[in-house]
Enquirer: 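Here it is: the structure, laid out below.
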Amino acid sequence: MSTENVRVRYAPSPTGYPHIGNIRTALFNWLFARHLGGKFIVRIEDTDQSRKVEGAVEQILESLRWLGLDWDEGPEAGGEYGPYFQSERLDLYKRYAQQLVDVGHAYRCYCSAERLAQMRTQMAERKESVRTYDRRCRDLSAQEQAGAESQGIVPVIRFKVPFEGETTFHDLIRGDISFANAELDDLVLLKSDGYPTYHLANIVDDHTMEVSHVMRADEWLSSTPRHVLLYAAFGWTPPLYAHLPMILGPDKSKLSKRHGATALLDYRDEGYLPEAIFNFLALLGWSLDDKTDVIGREDLVKHFSLERISRTAAIFDIKKLQWMNGFYIRQLNPAELAERALPCFEKQLPPQVKRPLDVGYVSQVVALQQERAKTLVEFPANSGFFFVDDVDYPVDLLLKGGMTRERARELLSASAARLDAVAPFDMARLEPPLRSLAEEVSVKTGDLFGLLRIAVTGRTAAPPLFQTMAVVGRDKCLRRIRSAIDRLSGPATP
RNA sequence: GCCCCCAUCGUCUAGCGGCCUAGGACGGCGGCCUUUCAAGCCGUUAACAGGGAUUCGAAUUCCCUUGGGGGCACCA
């Protein structure tokens, strides 16, 4: 197959928000298409009316957009092979299902959902090894069919799986895989509501959309023989398969809601950068070599290959993502970073802080917090003191290391006097007078600076003191220092 | 229960018969730097699931066991 004919698809069902695992599948498909210059298609598999979730399609598209996974065909983009919503292709599936009935590869089944459910329960209770549909309707006579129809029973269409033999297919990642046909059941192709099942719709669409490679999660591996059989029944050539290793939660089970934040957009909301997620996800199940862990999208597109996809399921480790996100944050210049963190500031800073925020000021703040943050939301969370008028904190914080209230007051007063004379109020001019003060009154610089840090920021951990004071500004610094002195003069805390 | 897949440090992984006394990264731990917290730098911790077989030689090939995962819907 020539590479320009590579057509791959991401085919999510709108039954919820795409999580990390779904998106990793999309990412690999995208990388594969971009690497080979093929097409990346998005197809919405909305064939389950009962499970569809409002807004899910938009979440799916938004997830792709946020990561920068652009699609050549699909919703919004259109394309020659549309429509790209399966719910708009029902006639096609009906036609093909009927075609299979006509040639004897499929049949109408009148069994009720209740009977089927009961049958399954019984088989499980008896611990039977084969727990598939008993094929009661497989060879119904014309009279029996007519009888069922006259009772108003709406049938489903089932595929006739051979009783014997083996179905073998080649997986690009796992090699040849065989299943005994006897293990398979007569799966439903068309449901009684007229909608196709995944199996039928998937095959019909992949074929009619000329999909060349099916890259999907490992959980589909056991359905693949059914799909291969279906292709054969239609007389079509199946696509090439590549089953991707699953992404598991910390408890090693399939990723789901109960693992906490798994939806991709949750990570956006928690302040992760798309480039960090992109990089991290690409390395979950794929590697370039024995040492590369920071790798950008262009290099990923350049080097991506099926051969280097691992066969082992991967556990999603948030710690490494956090490190990587911090790394990408540190790569940004302050102006870019400020721009990207601005929405977090607008949203999280206390309401009394006047909006809109001054981007230039935010940029200065962000520059001081940059090497301390792992996520964007940490910026506003740790930077409130740069924006509010007054800071609040337990007065005891001013008395660390056995310092007396008297002593603390003296130091603060002396500091205020020195600071008052500093002009302009910048980092270079702030440091010398305070250092000499510490020396003159024989206090360790760490103790003096720590005291001032509490007074000015209300926190024990903050960016370097002089830079912080310079950004906070003379007026606020002095006011806060005087406020600290007042606190120390007040009644002793119980 | 049956079928399929998988199996290297806690985690992500490199390794595709000799380069492996198994490499990198995250995490952890220790140290340096230092006005706090970080960042950075240095060091350290820790793995080939077990057993057979093939071979001069096995993390790498084969078999079995064990373990883990996935599937067994008118859900995808």
Side-chain angles (χ1 to χ4, degrees), chain A residues 11-15 45-48 50-51 109 111-113 116-117 120 123-124 126-133 154-158 171 173-174 177-180 182-185 187-193 195-199 201-202 217-225 243 245-246 248 250 252-254 280 283-294 307-308 310-324 326-327 330 369-374 382 400 431 434-435 438 444-454 457 459-466:
Chain A
S13 63
T15 54
E45 309 219 326
D46 52 348
T47 57
D48 187 343
S50 62
R51 291 208 314 157
C109 169
C111 294
S112 68
L116 264 16
R120 271 194 296 274
M123 289 187 297
R126 292 191 213 118
K127 299 199 186 300
E128 288 178 30
S129 57
V130 177
R131 300 180 188 182
T132 56
Y133 171 58
V154 183
V156 300
I157 291 180
R158 283 183 187 273
D171 186 275
I173 295 172
R174 286 160 210 288
I177 297 169
S178 295
F179 284 80
E183 299 290 337
L184 278 24
D185 64 346
L187 62 150
V188 172
L189 299 177
L190 202 66
K191 300 183 260 189
S192 54
D193 64 1
Y195 277 71
T197 58
Y198 168 84
H199 306 290
N202 196 261
D218 229 3
E219 57 189 316
W220 295 105
L221 195 61
S222 48
S223 330
T224 307
H243 286 90
M246 308 263 296
L248 274 22
K252 293 188 161 198
S253 72
K254 198 168 153 179
F280 180 73
L283 260 27
L284 230 44
W286 182 88
S287 61
L288 175 63
D289 53 30
D290 60 339
K291 49 180 68 75
T292 305
D293 40 40
V294 173
E307 292 71 40
R308 297 201 60 85
S310 109
R311 276 156 291 129
T312 322
I315 292 172
F316 183 78
D317 178 25
I318 190 80
K319 282 280 200 246
K320 188 156 186 174
L321 206 212
Q322 285 170 345
W323 165 79
M324 193 170 276
F327 182 88
R330 274 168 257 133
Q369 301 278 198
Q370 183 162 19
E371 63 189 32
R372 300 173 165 69
K374 290 189 178 340
N382 295 328
K400 289 278 174 166
E431 188 161 353
L434 290 174
R435 279 203 185 273
K444 281 192 277 186
T445 51
D447 290 344
L448 177 63
F449 298 167
L451 180 64
L452 286 167
R453 177 174 300 108
I454 300 294
T457 71
R459 297 170 151 257
T460 53
L465 183 63
F466 308 114

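Residue numbers start from 1 in every chain, and the chains themselves are labelled A, B, ... in the order their sequence lines are given, proteins ahead of strands. All of these numbers come straight from a predicted model, not from anything done at the bench.
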Enquirer: With 3.5 Å as the limit, what N/O pairs link the protein to nucleotides 62-64 of chain B?
Expert:
none

Enquirer: Please measure how far the P atom in B:rG71 lies from the corresponding atom in B:rA76, and state the result in whole Å.
Expert: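 Roughly 14 Å separates the two P atoms.
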
Enquirer: Using whole Å, report how far CZ of A:Arg372 lies from P of B:rG40.
Expert: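 Going from A:Arg372 (CZ) to B:rG40 (P), I get 12 Å.
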
Enquirer: Quickly work out the A:Glu307 CD to B:rA14 P distance and round it to whole Å.
Expert: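 A:Glu307 atom CD is separated from B:rA14 atom P by 13 Å.
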
Enquirer: Report the residues that fulfil ring-ring contact (aromatic ring centres under 6.0 Å, His included) with A:Tyr198, sequence neighbours left out, ordered by chain and then residue number.
Expert: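 So A:Tyr198 forms a ring-ring contact (aromatic ring centres under 6.0 Å, His included) with A:Trp220, A:His227.
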
Enquirer: Calculate the interatomic distance between A:Gln322 atom CD and B:rA25 atom C1'; express it in whole Å.
Expert: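 Taking atom C1' of B:rA25 as the reference, CD of A:Gln322 is at 15 Å.
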
Enquirer: Where do N or O atoms of nucleotides 22-24 of chain B meet protein N or O atoms at under 3.5 Å, pair by pair?
Expert:
{"from": "B:rG23", "atom 1": "N2", "to": "A:Asp290", "atom 2": "O", "distance (Å)": "3.0"}

Enquirer: What's the gap between B:rA22 and B:rU45 when it is taken at their P atoms, as a whole Å value?
Expert: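 Taking atom P in both B:rA22 and B:rU45, they lie 11 Å apart.
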
Enquirer: Tabulate atom names and distances for all N/O pairs under 3.5 angstrom spanning the protein and nucleotides 71-76 of chain B.
Expert:
{"from": "B:rG71", "atom 1": "OP1", "to": "A:Lys254", "atom 2": "NZ", "distance (Å)": "2.5"}
{"from": "B:rG71", "atom 1": "O4'", "to": "A:Ser222", "atom 2": "OG", "distance (Å)": "3.3"}
{"from": "B:rG71", "atom 1": "O2'", "to": "A:Ser222", "atom 2": "OG", "distance (Å)": "2.9"}
{"from": "B:rC72", "atom 1": "O2'", "to": "A:Arg131", "atom 2": "O", "distance (Å)": "3.4"}
{"from": "B:rC74", "atom 1": "OP1", "to": "A:Arg120", "atom 2": "NH1", "distance (Å)": "3.3"}
{"from": "B:rC74", "atom 1": "OP2", "to": "A:Arg158", "atom 2": "NH2", "distance (Å)": "3.3"}
{"from": "B:rC74", "atom 1": "O2", "to": "A:Ser192", "atom 2": "N", "distance (Å)": "2.8"}
{"from": "B:rC74", "atom 1": "O2", "to": "A:Ser192", "atom 2": "OG", "distance (Å)": "2.7"}
{"from": "B:rC74", "atom 1": "N3", "to": "A:Ser192", "atom 2": "OG", "distance (Å)": "3.0"}
{"from": "B:rC74", "atom 1": "N4", "to": "A:Cys111", "atom 2": "O", "distance (Å)": "3.2"}
{"from": "B:rC75", "atom 1": "OP2", "to": "A:Lys191", "atom 2": "NZ", "distance (Å)": "3.0"}
{"from": "B:rC75", "atom 1": "O2'", "to": "A:Asp48", "atom 2": "OD2", "distance (Å)": "2.9"}
{"from": "B:rC75", "atom 1": "O2'", "to": "A:Arg51", "atom 2": "NE", "distance (Å)": "3.2"}
{"from": "B:rC75", "atom 1": "O2'", "to": "A:Arg51", "atom 2": "NH2", "distance (Å)": "3.0"}
{"from": "B:rC75", "atom 1": "O2", "to": "A:Arg51", "atom 2": "NH1", "distance (Å)": "3.4"}
{"from": "B:rC75", "atom 1": "O2", "to": "A:Arg51", "atom 2": "NH2", "distance (Å)": "3.2"}
{"from": "B:rA76", "atom 1": "OP1", "to": "A:Thr47", "atom 2": "OG1", "distance (Å)": "2.8"}
{"from": "B:rA76", "atom 1": "OP1", "to": "A:Lys191", "atom 2": "NZ", "distance (Å)": "2.6"}
{"from": "B:rA76", "atom 1": "OP2", "to": "A:Tyr198", "atom 2": "N", "distance (Å)": "3.1"}
{"from": "B:rA76", "atom 1": "O3'", "to": "A:Glu45", "atom 2": "OE1", "distance (Å)": "3.3"}
{"from": "B:rA76", "atom 1": "O2'", "to": "A:Ser13", "atom 2": "OG", "distance (Å)": "2.9"}

Enquirer: Who passes salt bridge (Lys or Arg N to Asp or Glu O under 4.0 Å) against A:Arg308, sequence neighbours left out?
Expert: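 Listed in chain order: nothing, the list is empty.
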
Enquirer: I'd like to check the salt bridge (Lys or Arg N to Asp or Glu O under 4.0 Å) partners of A:Arg311; sequence neighbours left out, ordered by chain and number.
Expert: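 Applying salt bridge (Lys or Arg N to Asp or Glu O under 4.0 Å) to A:Arg311 gives none.
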
Enquirer: Listed by chain and number, what are the salt bridge (Lys or Arg N to Asp or Glu O under 4.0 Å) partners of A:Glu431, not counting sequence neighbours?
Expert: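 Scan of A:Glu431 (salt bridge (Lys or Arg N to Asp or Glu O under 4.0 Å), adjacent residues dropped) gives A:Arg435.
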
Enquirer: Please work out if A:Pro464 contacts a base, only the sugar-phosphate, or nothing of the nucleic acid, heavy-atom cut-off 4.0 Å.
Expert: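 The answer is base, as A:Pro464 lies within the cut-off (heavy atoms under 4.0 Å) of a base atom.
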
Enquirer: To the nearest Å, how far apart are A:Phe179 CZ and B:rC3 P?
Expert: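 Rounded to the whole Å, the gap is 11 Å.
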
Enquirer: Indicate, yes or no, whether a donor-acceptor pair under 3.5 Å links the base of B:rC6 to the side chain of A:Arg311.
Expert: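 Answer is no: no donor-acceptor pair is held.
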
Enquirer: Return the nucleotide paired to B:rA7: Watson-Crick means purine N1 to pyrimidine N3 with N6-O4 or O6-N4, wobble means G-U with N1-O2 and O6-N3, both under 3.5 Å.
Expert: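 For B:rA7, the partner nucleotide comes out as B:rU66, under the 3.5 Å rule.
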
Enquirer: Using the test ring-ring contact (aromatic ring centres under 6.0 Å, His included), find all partners of A:Tyr195 that sit at least two apart in sequence or belong to another chain.
Expert: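 Scan of A:Tyr195 (ring-ring contact (aromatic ring centres under 6.0 Å, His included), adjacent residues dropped) gives none.
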
Enquirer: For nucleotides B:rG70 and B:rA58, find the distance between their C1' atoms and express it as a whole number of Å.
Expert: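 It works out to 30 Å between them.
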
Enquirer: For A:Arg459, which contact category applies under a 4.0 Å heavy-atom criterion: base, sugar-phosphate, or nothing?
Expert: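 Touches nothing.
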
Enquirer: In whole angstrom, what separates A:Asp218's CG from B:rC4's P?
Expert: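 Taking CG of A:Asp218 and P of B:rC4, I get 14 Å after rounding.
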
Enquirer: Students often get this wrong, so: under 4.0 angstrom with heavy atoms, is A:Thr312 touching a base, only sugar-phosphate, or nothing?
Expert: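 A:Thr312: backbone/sugar contact only, no base atoms under 4.0 Å.
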
Enquirer: Please name all residues satisfying side-chain hydrogen bond (donor to acceptor under 3.5 Å, both in side chains) with A:Asp46, sequence neighbours left out, ordered by chain then number.
Expert: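 Partners of A:Asp46 under the side-chain hydrogen bond (donor to acceptor under 3.5 Å, both in side chains) test: A:Ser87.
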
Enquirer: Determine the interatomic distance between P on B:rC19 and the same-named atom on B:rU36; round to the nearest Å.
Expert: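 Here B:rC19 and B:rU36 have their P atoms 47 Å from each other.
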
Enquirer: In whole Å, what separates the C1' atom of B:rU55 from that of B:rC12?
Expert: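 B:rU55 and B:rC12 have their C1' atoms separated by 33 Å.
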
Enquirer: Would you indicate what A:Gly450 reaches in the nucleic acid, counting non-hydrogen atoms under 4.0 angstrom: base, sugar-phosphate, or nothing?
Expert: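 Here A:Gly450 touches no strand at all.
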
Enquirer: Under the rule for side-chain hydrogen bond (donor to acceptor under 3.5 Å, both in side chains), what residues qualify as partners of A:Gln322, not counting sequence neighbours?
Expert: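 Applying side-chain hydrogen bond (donor to acceptor under 3.5 Å, both in side chains) to A:Gln322 gives none.
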
Enquirer: So, for A:Ala462 and A:Arg372, which heavy atoms are closest and what is the spacing to 0.1 Å?
Expert: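 Distance-wise, the nearest heavy atoms are O-NE, 4.1 Å.
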
Enquirer: Roughly how many Å apart are B:rA14 and B:rC72, using the P atom of each and rounding to a whole number?
Expert: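 Their P atoms lie roughly 29 Å apart.
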
Enquirer: Is any side-chain heavy atom of A:Ile173 closer than 4.5 Å to one of A:His243?
Expert: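 A side-chain contact under 4.5 Å is absent here.
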
Enquirer: Once you apply a heavy-atom cut-off of 4.0 Å, does A:Ser253 come out as touching a base, just sugar-phosphate, or nothing?
Expert: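 Here A:Ser253 touches the backbone only, sparing every base.
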
Enquirer: Would you kindly give the CG-to-P distance between A:Leu448 and B:rU36, to the nearest whole Å?
Expert: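 After rounding, the reported distance stands at 13 Å.
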
Enquirer: Are A:Leu434 and A:Leu452 packed together at the side-chain level, in the sense that at least one heavy-atom pair is separated by less than 4.5 angstrom?
Expert: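 Of all side-chain heavy-atom pairs linking A:Leu452 with A:Leu434, at least one is under 4.5 Å.
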
Enquirer: Please enumerate all residues that pass side-chain hydrogen bond (donor to acceptor under 3.5 Å, both in side chains) together with A:Arg120, with sequence neighbours excluded.
Expert: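 Counting only residues at least two positions away or on another chain, A:Arg120 forms no side-chain hydrogen bond (donor to acceptor under 3.5 Å, both in side chains).
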
Enquirer: Using atom CD of A:Glu431 as one end and atom C1' of B:rU34 as the other, report the distance to the nearest whole Å.
Expert: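 That distance rounds to 12 Å.
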
Enquirer: At 4.0 Å (heavy atoms only), tell me whether A:Gly285 reaches a base, stays on the sugar-phosphate, or touches nothing.
Expert: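 Sugar-phosphate contact only.
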
Enquirer: What distance, rounded to whole Å, do you find between the two C1' atoms, one in B:rA39 and one in B:rU34?
Expert: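 Their C1' atoms lie roughly 11 Å apart.
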
Enquirer: Searching all strands shown, indicate the nucleotide that pairs with B:rG18 (Watson-Crick or G-U wobble; both distances under 3.5 Å).
Expert: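 Per the H-bond distance test, B:rC56.
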
Enquirer: For A:Lys374, report the nucleic acid contact type (base, sugar-phosphate, nothing); a contact means any heavy atom under 4.0 Å.
Expert: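 Sugar-phosphate contact only.
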
Enquirer: So which nucleotide from B:rG69, B:rU35, B:rA25 ends up closest to the side chain of A:Leu248?
Expert: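 My answer, after comparing the listed nucleotides, is B:rG69.
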
Enquirer: Now, which nucleotide makes the Watson-Crick or G-U wobble pair with B:rU34, with each of the two distances under 3.5 Å?
Expert: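 Partner of B:rU34: none.
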
Enquirer: Please list, chain by chain and in numerical order, all residues satisfying salt bridge (Lys or Arg N to Asp or Glu O under 4.0 Å) with A:Asp185, sequence neighbours excluded.
Expert: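 Residues passing salt bridge (Lys or Arg N to Asp or Glu O under 4.0 Å) with A:Asp185: A:Arg226.
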
Enquirer: How would you label the contact of A:Ala314 with the nucleic acid (heavy atoms, under 4.0 Å): base, sugar-phosphate, or nothing?
Expert: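 A:Ala314: backbone/sugar contact only, no base atoms under 4.0 Å.
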
Enquirer: So, do A:Asp293 and A:Trp323 sit near enough that their side-chain heavy atoms are less than 4.5 Å apart?
Expert: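 They are in side-chain contact.
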
Enquirer: Under 4.0 angstrom, heavy atoms only, what part of the nucleic acid is A:Leu221 near: base, sugar-phosphate, or nothing?
Expert: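 Touches sugar-phosphate only.
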
Enquirer: Name the nucleic acid region contacted by A:Pro463, choosing base, sugar-phosphate or nothing; use a 4.0 angstrom heavy-atom cut-off, strictly under.
Expert: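 The answer is base, as A:Pro463 lies within the cut-off (heavy atoms under 4.0 Å) of a base atom.
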
Enquirer: Under a 3.5 Å limit for both distances, which nucleotide forms a Watson-Crick or G-U wobble pair with B:rC2, could you say?
Expert: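 The answer is B:rG71, by the H-bond criterion.
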
Enquirer: Between B:rU66 and B:rG28, how far apart are the two P atoms, rounded to whole Å?
Expert: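 These two P atoms come out 38 Å apart once rounded.
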
Enquirer: A side-chain contact here means heavy atoms from C-beta on lying under 4.5 Å apart; do A:Thr312 and A:Pro245 qualify?
Expert: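 The answer is no, as the side chains (C-beta and beyond) never meet within the 4.5 Å cut-off.
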
